[in-house]
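Reading through the C-alpha cells given below for one structure.
What's counted below: heavy atoms across the whole structure, side chains too, no hydrogens, waters or symmetry copies.
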Amino acid sequence: MEEVQVGRWLWSSEYREPVQVIETQQIWGTTTCRFWVPSANTVAVGDASSCTPLDQAPPLEKDEVTARAAAGRILDHLAKTPLLAPLFSPVTPLPHQVAALARACSRDPVRCLLADEVGLGKTIEAGLIIKELTLRNRAARILIVAPRGLVTQWVAEMETHFGETFTLLDPASTDPSLWRRIDRAIVSIDAIKPLKQRRGWTPARLHQHNQDRFHAVTKAGWDLIIVDEAHKLAGTNRQVARHTLGRALARSARHLLLLSATPHQGKTDAFMRLMSLLDPTTFREDGPVNRDDLQPYIIRTEKRSAIGTDGTPLFRPRQTQIVRVEWSGEHRLQAELYDAVTDYVRTGYNHALAEKRNYIGFLMVLMQRLVSSSTRSIRTTLEKRLAILEETLPPTPADGPTGDDWWDLEPEEQIDEAIRAERSSHQTETTQVRLLLDLARRCEAARPDAKVERLVDLIHSRCGEENDPDLKFLIFTEFVPTQQMLAEYLTARGFSVVCLNGSMDMDERRRTQQAFATDAQVMISTEAGGEGLNLQFCHIAINYDLPWNPMRIEQRIGRVDRIGQTHDVMVYNMVFSDTVEQRVHEVLLEKLLVILNDLGFDKFSDVLDSSEAERGFEDLFIRAILDPENTDRYLDTFIASVQEQARQERQTLSSLLDQPILSAGDVRDYLHSPLPALTEHLVVSAIRARGGEVTRGMQGFDLRWPDGHRQAGIVFAPPGDETDLTLLTVADPAVSALLTRIAVASPDQPIPTVRIPDLPHEVRGLWSLWKLSVSGTSGPSLIAVSYFITETGRSFPVAGRQIWDALARGAYSITGISTADPALCDRSRSGAADTSREIGLNGIPAIYPILFLRVEGGHD
C-alpha cells in the first residue's frame, strides 16, 4: 500500500474498524505503526500491512449492522429508562415496590430508609435496589446486616427472587481477609457489634478483640450496605454499642439502605440518631423533625394504600376472635396450678423488687407466661429452677444481657438466663418450687390441658364450617415445651404436624415449610421459628398462648396476612377465662384498636414495636397480677399513655404518608420493555458477525463466542421457574463489552444501502448512528443518537427512530454498496451534536460515528 502517514485513518483487518495512525517506524524494512483504536479507546502497535485504505474496506454485513444498531438502541434505552431491575429480576414487583425503587435510585448515592409496614416486602425492595445498582455498575461489593434470626432468610430470598448469591459469614470464625475477597456477604448484627464485657477478659483484650473483628467487616471496601431492623442501631444514646456500629457501617459505604417498619417508635431522639446515619449533616440527635428534610430520605407505604398489579387492594380482610378456655371439674388440678404459680409469682416478684434482683423479677414474669402456656412448659422450667436452688446445676453469673439486649432475646433464651440466675436467699423458694413441681407433675399425669382440648374442638369446628377436612392451621406458641406437647397431642389424634423453631437451620426450615405447603395440615411455630415465614397458602392462625405485647401477635399474624393471600384471614387468640390476663388482653385489644384506627393506623407496629413498649406491657401485666383489684386503673393509665404516643407518632409520620404510589398501569409500562429483545439481537448478531456461533435450542440459545467461550441455555428475558436456564443481561461483562466497545465507522468506507419494508417507498436518505461519550458528568457517560437526513437535505427525527428500530430488529435487507455524500455526512455530525445539547448532556461530548447507511423505503 502507499506510504502510511501520521494522522491518516485506515481500515484495520485485525480490529475490524477504522484506526488512526499516530506514529510510524521503519524496522528491518517493515513499517510498524502505533494506532489509536477508537472502540477500545486504546493505542495498539501493529504492522502497517494489516491495514488498507478506507475506500478498500470490506462492506459491513447485515449481522454487524444489526449488532451496532441494537447496541445503540440499548445505550439510548439505558439513558432514558429510570429503572432496569424490574426487567431482569425473576420476581414481578408490585406498584409500591417499583415506586420505592424509583425513589431510592433517583439520587446518587442511594442513602435512604425503607419504612413500609410489616408484610409489604421491604426485602423485595432492597433486592430490586441491589439489582438496579448492579445492572448500572454502581455497586459491586454488597454487605447485608440483619438480625441473627433473619440472615438465612435473606440468603434464600436473594437467591430465589433475584439470582444473587450471598455468603453467610460469621466474624468470630472467619479469616479477616475473607471479607475483602467476598463481594456478596450477609452477617448477623449481633456478630459484629462491639462486646461490652466478657468474663475473664481485661479491658485491653476486649478492646483489641472488638477492633479486629469490627474493622475486618467495616473496612472491607463495600459499595452498598443494607441493614435490616435498622431501628436497633439507634440505641439509647450515641455511646451504645449498636449505634457505634451503625456509625461505622454508615461511613463504610457510598450507598446505605436502612430497613425498618418502625423507625420512630415514639422516641424522636432515637429516630434522629437513626436518620443521622444516612446524613449526619442534615440530621442531629437534638435537631427538629423537619418534613422537607425527611422526605428525600424516607420511603414508606401502608398496607391500606397498597394495590396489586391489577389495581385491587393488596390485602384481604382480617377477623380476630378471642377463644375463652374454661376450667371444668376435670381440670381442677390445672386451675390449682395456675393459682399456685400466680401466688408464687406475686411473692417472688415483690422480693425481687425489694432486693433489686432483676433476674429473679424476670423469672417471675416468665413463670406467669409459662403457666398460661402449658403445664409442660411450667413443669420443665420448675425442674430447672429447682436444680439451681438445690445446687445440682451451677447458677449463671448475673452479668448477662441487660437493657435492650434482654428484650431482644427469644423467650427460650430469657428462660435459660433467668432460671440459672443467682440462688435465692429465701429458703421458702425452694419449698415453694418443690410443691409447685409436684402439683405440675400430677396435673400433667391426670389429664391433658384444658386449652389443648379446646384447640382440637376449634380445629374440627373450622374444618366443618369451611367444609374442608384438610384445612391448614398455623399455631403459635412462645415456648418449645408447649410446642412439643402440642405436636404429640395432635399427632396422636390423627393430624399431620410439622414444627418450626429458632434452633433449625435454613435447610430444615425450608423442608418444614415445604411439608406444610404440601402434606402437613398443622404447623406449630415458636416466635423465633416464625421469623421470615411466607405462608399465604394458609389463612387460619391460632395464638395458643398470647405474648403480652400485642405487636408480637401482629408479627405472628403477618406470616399468613401477606401479599398473595387469597382468603379472609381468621385469627384466634386463646386465653383462660376469669383470669387477670384475659381481662387485660380483651381491654387492650379492644381499646388499642379504637385508638389506632381513630388516628388512621390500621396496624400496631408504628407504636408498639420497641423494647420500651415491651417493658411497658410487661409492667402493665405484672401490676395487674400483683394487684388485680386495681387492674382497671392500671389499664386506663396505660391506654392514655399509648394514646398520647400514638398521636405523636401520627404527627411525625404524617409528613411521610402522602408519597405517590405508582398505578398498576405504570408498573406494566416498566415491565414491558424492549431491552430483553434488544439484548438478544445484539448478542446473537455480534457473535455471528465476529466469527462465533449461535444455535437456538428448545429452551434457549447455545453460544460460542468469538474467543471460544461457550454458554448453554441462555435466555434474555427472566426464565421464571426454569432454573436450568441462564439469564444474560446488560450487566454481564461480555454484553457490557459489546456496548462499550462499539466499532466506529467512517463516511470514507463503503456504505451499505438498506431497504426497510415498513417505510414508505419515497423515503430515501442518509441515516447515521453516533456514540456520544462524556467524562466527568453525573449523567449518562455513554449514549447513542441517530440522525436521518433526506437526499434533499431535510431532517426527519421520527423517521430516524423508525429506521433505528427496524435496523435493531434486523427487519431490513442490504441491497447494495455506495459511497457517502460528504455534505450529508457533515450535516449528520452537526445534527448529532445538536441532539446531544437538546438532551441535556452535562459537558462537551466526544462524538464518534457508529454507522452510515443509505436508506430506502418499500419492498424489493
Mutual orientation of the aromatic rings belonging to Phe495 and His460 [parallel < 30°, tilted 30-60°, perpendicular > 60°]: tilted
Straight-line distance of Met574 CE to Ser372 OG, nearest 0.5 Å: 12.5 Å
Arg385 and Thr381, any side-chain heavy atoms less than 4.5 Å apart: no
Step-by-step side chain to side chain donor-acceptor pair (under 3.5 Å) determination, Ser577 to Glu326: CA-CA 6 Å; Ser577 291; Glu326 306 286 346; 3.0 Å; yes
Plane angle bin for His539 and His567 - parallel if under 30°, tilted between 30 and 60°, otherwise perpendicular: parallel
Close side-chain approach of Asp545 and Arg369, heavy atoms under 4.5 Å: no
His231 versus Ser260, closest heavy-atom pair with distance: ND1-OG, 2.7 Å
Pairwise distance CG(Leu455) to CD1(Ile475) - rounded to 0.5 angstrom: 4.5 Å
Taking every non-hydrogen atom, the tightest pair across Lys472 and Ala517: CE-O, 3.9 Å
Heavy-atom side-chain contact between Leu168 and Thr152 under 4.5 Å: yes
Side-chain donor-acceptor pair present, Glu465, Ser461, cut-off under 3.5 Å: yes
Validation row: Val323, Asn573 side chains within 4.5 angstrom (heavy atoms): no
Worked verdict on Tyr634 versus Asp619 for side chain to side chain donor-acceptor pair (under 3.5 Å): CA-CA 10 Å; Tyr634 297 135; Asp619 183 62; over 6 Å; no
Check against side chain to side chain donor-acceptor pair (under 3.5 Å), Ser374 and Asp449: CA-CA 7 Å; Ser374 71; Asp449 286 0; 4.7 Å; no
Test side-chain contact (heavy atoms from CB on, under 4.5 Å) applied to Met367 and Ile378, Leu436, Val433, Thr342, the passing residue: Ile378
Main-chain N/O of Phe473 paired to Gln521 side chain as donor or acceptor, under 3.5 Å: no
Phe516-Phe537 aromatic ring centre distance below 6.0 Å: yes
For Leu274 against Ala230, the heavy-atom pair lying closest together: CD1-O, 3.2 Å
Arg623 NZ/CZ over Phe621 ring centroid, <6.0 Å and within 45° of normal: no
Between CG on residue Leu259 and CD1 on residue Ile226, distance to nearest 0.5 Å: 7.0 Å
Test item: side-chain donor near acceptor, Gln484 and Glu488, under 3.5 Å: no
Residue pair Thr320 / Arg318: nearest heavy atoms and the distance that separates them: OG1-CD, 3.9 Å
Taking every non-hydrogen atom, the tightest pair across Leu114 and Ala126: CD1-N, 4.0 Å
Heavy-atom side-chain contact between Asp228 and Val145 under 4.5 Å: no
For Cys443, the option from Arg376, Gln334, Glu336, His331 that meets side-chain contact (heavy atoms from CB on, under 4.5 Å): Gln334
Side chain to side chain donor-acceptor pair (under 3.5 Å) between Glu478 and Tyr544, worked out: CA-CA 9 Å; Glu478 289 194 276; Tyr544 187 79; over 6 Å; no
Heavy-atom side-chain proximity of Val345 to Ile622 below 4.5 angstrom: yes
